[in-house]
Trainee: 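Once you've had a glance at the structure underneath, I'll fire off some questions.
Values in this document were obtained by computation on a predicted structure and should not be read as measured data. Naming convention: chains lettered A, B, ... in sequence-line order (proteins, then strands); numbering from 1 in each chain.
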Amino acid sequence: MWGVRVASRALFLPGNGAGSKFHWKPCICSSASKQIFRDELVTLIGDPSIHVHAGGLGDSLAARDMFGRMADQHGAPCVSTLYFHAKRGEDAQAFMHLSRLRRWGLKPNEVILSALVGICGRPNRIDHGMGLHCFILKQGFQDHHFIASSLVVMYSKCARVDSARRFFEERAVYDCISWNSMISAYLRNGMSKEAIDLFSDAVGRVSDRLALVNNFTLSSVLKACALSGSIRPGRSVHGLVVKLDFEWDVVLAGSLMTMYSKHGCLGRARLIFEKLGERDLVAWNAMISGYVQFSHDEEAMKLFQRMQLEGFLPNEITLTSVLKASAGLEDIDLGKCLHAYVTKRGHISDSFAGTALVDMYSKCSEIKDAEHAFMVVRGRSLVSFNALISGYCLMGDHERAMLAYINLLKQAMRPDPLTLTGLLCSCSSKALGEGSQAHCHAIKLGFDSDISLGILWSVFMPSVASQTADEFSTSAVIKVLADWAAAEQGKHLHTLVIKMGLESAVFVATGLVDMYCKCGMVEDSFKVFVSMSLRNDVAWNVMITGLGHNGRCTKSLELFHEMVDIGVTPNAVTFIGVLAACNHAGLVDEGRSYFDLMGSRFGISPSIEHYTCMVSLLARTGRFHEAELLMNACSSLPDPVMWRSFLASCRVRRSEERPSRASKERLLSAPDVCSSSYVLLSNLFAEEGLWPEVAEIRSSMRELGMSKEPGCSWIAVRNETHVFTAEQKSGFPDHMRATLFLVHSEMRAGG
DNA sequence: GTAGGGTTAG
């Protein structure tokens, strides 16, 4: 065999020493035998430049690996080879080798068996794993510590927690390591409650805790506590850490920090962090991610800087966290810097960092950059796809969201509720923002609602059948139907909601309240609202706003008082609803007092929306001067929506008093004026007979290439969408024309 | 053979 006489306990492998073809590295040899080996080698190879040094354990493994290969080449199977195949995860070769060994009548020992069991920790290898388990039982190796823990880990990695537990229970003795393996088996499969129960049961029973509990145990249990709904178990494990004198352990400090920060106790986590004598990178990462998870993005960035000042090099995990922080801050410049840094450090294809980049760019509305980051990610996960789809959802790009979804299905991935939520949100016209005009446009062209709703259902219904629809994806669908005012489909969905048992989920119920209001079915909406067992502020806001929009202003204001009386604190959105209701009913004095109440009693400073409501209310009731004062008071920047609303209100009023010319001109000085501002102004001038001004406005519109988008409204009845434009006189189906006639005459009669 | 830190929505 290679002409080398191998002394007992010594093995050789070729090294890569410079200048020597035969640089051999002997291993597992004492320094006394070192000289003998050197002499032997020099004689054998005839190279006096050979370096010989005593190797450590790593070298010994490598030497055994080499020895195995040499033996293999000479036709004799070697048990060591099996070990190395297993260690390298070369499972196919390992099992081939195992059968060869058996033909030679050789048996793997405990160490090799445990390594073999280690490579069966994949669902597709479970059969081999169970075969090994049988062999282990036959050989009576089941109580061997290495083997026992490997089997527990193997079953847990194959998602067979029950098998792991059964094996664990059947063993004659408890040992600390396999007990730890069982705890982490539960954790691996998302069963943190079982992990905690197993721990506390045994700790309660065993008198000598130290025999069973080590630092590994505690850090696993702390991880389970981090995921628990209550902080209580975490606190008592912290007590145990102190009692068993493990406070010096940096890993446990990290586990404690994570446990506290996951429960929002960032101060406690920070205390542990600051008291830590020697911090490592994981500790920094834990603290930074704790802040990021609770949106303390600035604090996270401060720590990120401090860690670098203290000489720590951020890794891909650090970068993932700070990218999330930059997304939260919507700080595109910071995000781009971090992008460059991620690239420089070679983490650009990391699935987590890459996905964080996708998310950051989508949140900063840079969808092209998000797409690019997505393309570069290696091993795109479902989360990567979800981040991209959510990005498209933010942009309202339903088509691309759909393409990404199809792509995901092609990769044989299974969409989760989050995928559906993103996809379904992308159908929503609200997601279109300014582009909601595009949505109206699509409706006017007469293609779309059916197509879009068709897509919507074809995505949603399979998830209902497979029971993967949850409250979030369902509320996303409700939101879309609300935006489309699709009444029939909405009612259908309501029955589905009841069948799925989701009617008490607060997001779903609130969505239903909103949907019925938007479809004009305010009674149905109120019924859902009343049936809600749990109402948060959003639910109240939706109902108050919805009542106002449907002309039920008194009821809306009553509800506001009820909300305050039972102790739910109104917020800025509540007051938009309240003021809108006052505006709708022309209740100018009430509006004024609610506007004042908002600041004086609830400490809410009015936003542009509140001002817009008030201005509109004042103008509609002819109090132009007051309205103009308020407009000038509210902000230095002219807001086009507010000015438009003001001037439109002036038109409604048709009073003798006219808005000042300055007000009109100010409208066009606002940033991002749109065609409707021009049209409004031209109408105002026309009513006053100021024809030169009208002509001037029309010509500047032509110069700017603006054309008037007629506003429209629609309602979906019996799967058919009916579109109306302002002042439309014809094109209605007969039954609608009759109803319209009726409504019209009633309105006349009512003045 | 057993530990701690990361990404997606509402």
Trainee: When you check the gap from the basic side-chain N to the acidic O, do A/Asp91 and A/Arg122 get nearer than 4.0 Å?
Mentor: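 Salt bridge: yes.
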Trainee: Determine whether any donor atom in the side chain of A/Ser219 lies under 3.5 Å from an acceptor atom in the base of B/dG4, or the reverse, and answer yes or no.
Mentor: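 Side chain to base: no pair below 3.5 Å.
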Trainee: Identify whether any heavy atom of A/Asp470 sits under 4.0 Å from a base atom; if not, whether one sits that close to sugar-phosphate; answer base, sugar-phosphate or nothing.
Mentor: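 Counting heavy atoms under 4.0 Å across all strands, no contact is made by A/Asp470.
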Trainee: Confirm from the modelled atom types if A/Asp350 and B/dG6 form a donor-acceptor pair under 3.5 Å, side chain to base only.
Mentor: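 Between B/dG6 and A/Asp350, which were checked side chain against base, a qualifying N/O pair under 3.5 Å is present.
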Trainee: Reckon A/Ser475 touches a base, only the sugar-phosphate, or nothing at all at heavy-atom distances under 4.0 Å?
Mentor: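 Nothing, no heavy atom under 4.0 Å.
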Trainee: Ignoring hydrogens and angles, does a donor from either the side chain of A/Thr320 or the base of B/dG6 sit under 3.5 Å from an acceptor on the other?
Mentor: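 Under the 3.5 Å cut-off, the side chain and the base do form a donor-acceptor pair.
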Trainee: Check whether any side-chain nitrogen or oxygen of A/Gln293 sits under 4.0 Å from OP1 or OP2 of B/dG5, and answer yes or no.
Mentor: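 No, A/Gln293 has no side-chain N/O under 4.0 Å of OP1/OP2 on B/dG5.
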Trainee: Near DNA chain B, counting only heavy atoms under 4.0 Å, which residues of residues 177-188 of chain A show up?
Mentor: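 Residues of residues 177-188 of chain A under 4.0 Å from DNA chain B: A/Ile177, A/Asn180, A/Ser181, A/Ser184, A/Arg188.
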Trainee: Is A/Ala353 touching bases, backbone alone, or none of the nucleic acid, heavy atoms closer than 4.0 Å?
Mentor: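 Base, at least one base heavy atom under 4.0 Å.
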Trainee: Can you sort out the partners of A/Lys363 under salt bridge (charged side-chain N to carboxylate O under 4.0 Å, His left out), two or more places apart, ordered by chain and number?
Mentor: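 A/Lys363 satisfies salt bridge (charged side-chain N to carboxylate O under 4.0 Å, His left out) with A/Asp359 once adjacent residues are dropped.
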Trainee: Kindly state each residue pair satisfying ring-ring contact (aromatic ring centres under 6.0 Å, His included) with at least one member in residues 360-391 of chain A, sequence neighbours excluded.
Mentor: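 Passing the test, one end in residues 360-391 of chain A: A/His339-A/Tyr361, A/Phe374-A/Phe385.
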Trainee: On a heavy-atom basis, which atom in A/Ala539 and which in A/Phe529 lie closest, and how many Å separate them?
Mentor: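 Closest approach of A/Ala539 to A/Phe529: O-CE1, 3.7 Å.
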Trainee: For A/Glu169, is there an ion pair with A/Arg165 - N to carboxylate O distance below 4.0 angstrom?
Mentor: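 Counted as a salt bridge, because a side-chain N and a carboxylate O are separated by less than 4.0 Å.
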Trainee: Just checking A/Val250: base, sugar-phosphate only, or nothing, at a heavy-atom cut-off of under 4.0 Å?
Mentor: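 Base contact.
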Trainee: Between the side chains of A/Arg279 and A/Glu274, is the shortest nitrogen-to-carboxylate-oxygen separation below 4.0 Å, so that they form an ion pair?
Mentor: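 Here A/Glu274 pairs with A/Arg279 in a salt bridge, since their nearest N and O are under 4.0 Å apart.
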Trainee: By the salt bridge (Lys or Arg N to Asp or Glu O under 4.0 Å) test, which pairs, at least two apart or in different chains, include something from residues 176-198 of chain A?
Mentor: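 Sorted pair list: A/Lys193-A/Asp197.
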Trainee: Measure distances between side-chain N and O atoms of A/Thr421 and base N and O atoms of B/dA9, and say whether any donor-acceptor pair falls under 3.5 Å.
Mentor: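 Donor-acceptor pair under 3.5 Å: no.
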Trainee: Under 4.0 Å, counting only non-hydrogen atoms across every strand here, what does A/Asp359 touch: a base, just sugar-phosphate, or nothing?
Mentor: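 Sugar-phosphate: the residue A/Asp359, judged by heavy atoms under 4.0 Å, touches backbone atoms but no base.
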Trainee: Mind listing the residues from residues 261-280 of chain A sitting with a heavy atom below 4.0 Å of DNA chain B? Number order is fine.
Mentor: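 Here the set is A/Lys262, A/Asp280.
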Trainee: A/Glu278: what forms a salt bridge (charged side-chain N to carboxylate O under 4.0 Å, His left out) with it, not counting sequence neighbours?
Mentor: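 Salt bridge (charged side-chain N to carboxylate O under 4.0 Å, His left out) list for A/Glu278, sorted by chain: empty.
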Trainee: Taking only side-chain nitrogens and oxygens of A/Ser390, does any of them come within less than 4.0 Å of OP1 or OP2 of B/dT8?
Mentor: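 Answer is no, no contact under 4.0 Å.
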Trainee: Select base, sugar-phosphate, or nothing to describe what A/Glu316 touches, counting heavy atoms under 4.0 Å on all strands.
Mentor: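 Since a base atom lies under 4.0 Å of A/Glu316, the category is base.
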Trainee: Does B/dA9 have OP1 or OP2 sitting under 4.0 Å from an N or O in the side chain of A/Lys363?
Mentor: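 Affirmative; the distance criterion is met.
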Trainee: How would you label the contact of A/Ser114 with the nucleic acid (heavy atoms, under 4.0 Å): base, sugar-phosphate, or nothing?
Mentor: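 Counting heavy atoms under 4.0 Å across all strands, no contact is made by A/Ser114.
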